[in-house]
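Each remark here refers to the structure printed beneath this line.
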Amino acid sequence: MTVERAEREQEIMSRLTDDGTLTVSSLAARLGVSEVTIRGDLRTLEQRGLLVRTRGGARPTTLKSILQREKVNVDAKQRIAAAAAALVRDDDTIMIEAGTTTAMVVKHLAGRSGVQIVTNSALVFSAARSNPALGVILTGGVFRAESESFVGPLAERAITDFNTRLAFLGTDGFSPERGLTTRFVEGGQVASGMARRAEETWLLADSSKFGQAGFVTFLRLPDIAGIITDRGLPEGAADALREHTRVLVV
């Protein structure tokens with residue numbers, strides 16, 4: 001059964017949001033039309049600035065927003081967040097940096113009391129504000145919509161006013177060779193600032209981030225207490241990481 005153009009375009013953009021990239025052949029099979037038709041749809045959407053055509057498919061015009069990335073590897077991220085939350089005690093002090101996995105930690109703190117959270121994440125703030133047992137301090141700063149985070153000098157200065165037992169950081173990529181990396185300098189500066197003010201710093205990252213490298217390295221593996229990740233790591237990766245820091249695989 002074929003699909004009308006408007007419906008095809010809606011489906012294309014929905015698939016692009018969820019998957020990040022598309023192929024002409026898979027779209028043609030899914031929508032029951034020819035590859036020539038799909039190429040025409042992609043050309044129209046590109047002219048409207050909604051995507052960029054690639055060889056054999058298409059990609060988004062911009063990097064995925066954090067709201068899109070929340071839908072990826074959800075089960076693994078929830079397990080990682082739950083393991084991180086298990087490290088938090090009553091009356092604890094923690095910093096939580098912006099990220100899709102770090103933002104889930106707050107949802108697993110039900111039952112804790114007196115926990116003070118310092119964060120630069122709008123998502124963390126949104127989740128924590130509904131729990132009266134949690135105290136939340138938002139750093140302020142320049143709002144970056146792509147990551148739902150606050151960055152810049154104001155955020156960095158705010159962090160220096162606090163001392164916490166734990167810091168939970170995210171990353172765009174990590175490896176034994178490059179450490180923790182991010183695409184944006186400002187985000188790396190906030191994350192490294194949190195690490196300096198915490199007694200223990202933990203990286204929360206699903207296995208898809210292993211081996212990836214962002215533009216900026218902001219911490220080396222020996223600088224953190226450990227990594228919480230999932231069972232999807234390549235063979236030998238956990239052992240390679242353990243040469244530099246603790247690794248908790250969930």
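Just so it is clear, the model here is predicted, and its values are computed rather than measured.
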Under 3.5 Å: donor-acceptor pair, side chain of [X], backbone of [Y]:
{"X": "R246", "Y": "I224", "answer": "no"}
{"X": "E97", "Y": "G170", "answer": "yes"}
{"X": "R220", "Y": "E177", "answer": "yes"}
{"X": "S192", "Y": "G188", "answer": "yes"}
{"X": "T245", "Y": "L241", "answer": "no"}
{"X": "K77", "Y": "M104", "answer": "no"}
{"X": "R197", "Y": "F162", "answer": "yes"}

If you count every heavy atom of other residues, nucleotides or ligands that lies below 6.0 Å from [X] atom [atom1], does the total exceed 12?
{"X": "E35", "atom1": "CD", "value": "yes"}
{"X": "R129", "atom1": "CZ", "value": "no"}
{"X": "R178", "atom1": "CZ", "value": "no"}
{"X": "F143", "atom1": "CZ", "value": "yes"}

(request) Determine the minimum heavy-atom distance between L221 and P176, stating which atoms define it. (result)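 Minimum heavy-atom separation between L221 and P176: CD1-CA, 3.6 Å.
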(request) Work out which heavy atom in A85 is nearest to a heavy atom in L109; give both atom names and the distance. (result) CB-CD2, 3.8 Å
Could you give the distance from [atom1] ([X]) to [atom2] ([Y]), rounded to the nearest 0.5 Å?
{"X": "T201", "Y": "L169", "atom1": "OG1", "atom2": "CG", "value": "5.5 Å"}
{"X": "M194", "Y": "L219", "atom1": "CE", "atom2": "CG", "value": "12.0 Å"}
{"X": "T23", "Y": "R55", "atom1": "OG1", "atom2": "CZ", "value": "14.0 Å"}
{"X": "R8", "Y": "L42", "atom1": "CZ", "atom2": "CG", "value": "10.0 Å"}
{"X": "F215", "Y": "T182", "atom1": "CZ", "atom2": "OG1", "value": "11.0 Å"}
{"X": "T102", "Y": "F168", "atom1": "OG1", "atom2": "CZ", "value": "10.0 Å"}

(message) Per the side chain to side chain donor-acceptor pair (under 3.5 Å) rule, what does the pair list look like for residues 227-239, sequence neighbours excluded?
(response)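 Listed by first then second residue: S207-D230.
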(request) Measure from NZ or CZ of R144 to the centre of the six-membered ring of F184 and say whether it is under 6.0 Å with the direction within 45° of the ring axis. (result)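 Positive - R144 is close enough to the ring of F184 and near enough to its axis.
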(request) Kindly indicate, with the supporting measurements, whether the criterion salt bridge (Lys or Arg N to Asp or Glu O under 4.0 Å) is fulfilled by R165 and D92. (result) CA-CA 7 Å; R165 191 178 72 85; D92 225 339; 2.7 Å; yes
(request) May I ask you to test the V142-F150 pair for a side-chain heavy-atom distance under 4.5 Å? (result)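 No, too far: nothing below the 4.5 Å cut-off.
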(message) So L138 and N120, do their side chains get closer than 4.5 Å, heavy atoms only?
(response) no
(message) Tell me whether V118 shares a hydrophobic cluster with I94, the cluster being built from Ile, Leu, Val, Met, Phe, Trp, Tyr side chains joined at under 4.5 Å.
(response)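 As far as the 4.5 Å side-chain criterion goes, I94 and V118 are not connected within one cluster.
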(message) Assess the residue pair V185 and Q189 against the criterion (side-chain contact (heavy atoms from CB on, under 4.5 Å)); give the C-alpha distance rounded to whole Å, side-chain angles, the decisive distance to 0.1 Å, and a yes or no.
(response) CA-CA 6 Å; V185 174; Q189 290 170 333; 3.8 Å; yes
(request) Scan T54, I38, L27 and name whichever one has a side-chain contact (heavy atoms from CB on, under 4.5 Å) with L22. (result) L27
(request) Tell me, with the steps shown, if L203 and T171 meet side-chain contact (heavy atoms from CB on, under 4.5 Å). (result) CA-CA 8 Å; L203 171 65; T171 186; 3.5 Å; yes
(request) List the steps, then state whether side-chain contact (heavy atoms from CB on, under 4.5 Å) holds for E11 with L31. (result) CA-CA 9 Å; E11 178 67 15; L31 298 176; 3.6 Å; yes
(request) Determine whether the aromatic ring centres of F174 and F210 lie less than 6.0 Å apart. (result) yes
(message) With a 4.0 Å cut-off on N to O distance, would you call D41 and R5 a salt bridge?
(response) yes
(request) For the pair R53 and E46, find out whether any cationic side-chain nitrogen is under 4.0 Å from an anionic carboxylate oxygen. (result)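 Salt bridge between R53 and E46, a charged N being under 4.0 Å from a carboxylate O: yes.
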(request) Please lay out, stage by stage, how D172 and T181 fare under the test side chain to side chain donor-acceptor pair (under 3.5 Å). (result) CA-CA 6 Å; D172 291 324; T181 68; over 6 Å; no
(message) Before you tell me yes or no, could you show the steps for L248 and V250 under side-chain contact (heavy atoms from CB on, under 4.5 Å), namely the whole-Å CA-CA distance, both residues' side-chain angles and the distance that decides it to 0.1 Å?
(response) CA-CA 6 Å; L248 177 58; V250 296; 4.1 Å; yes
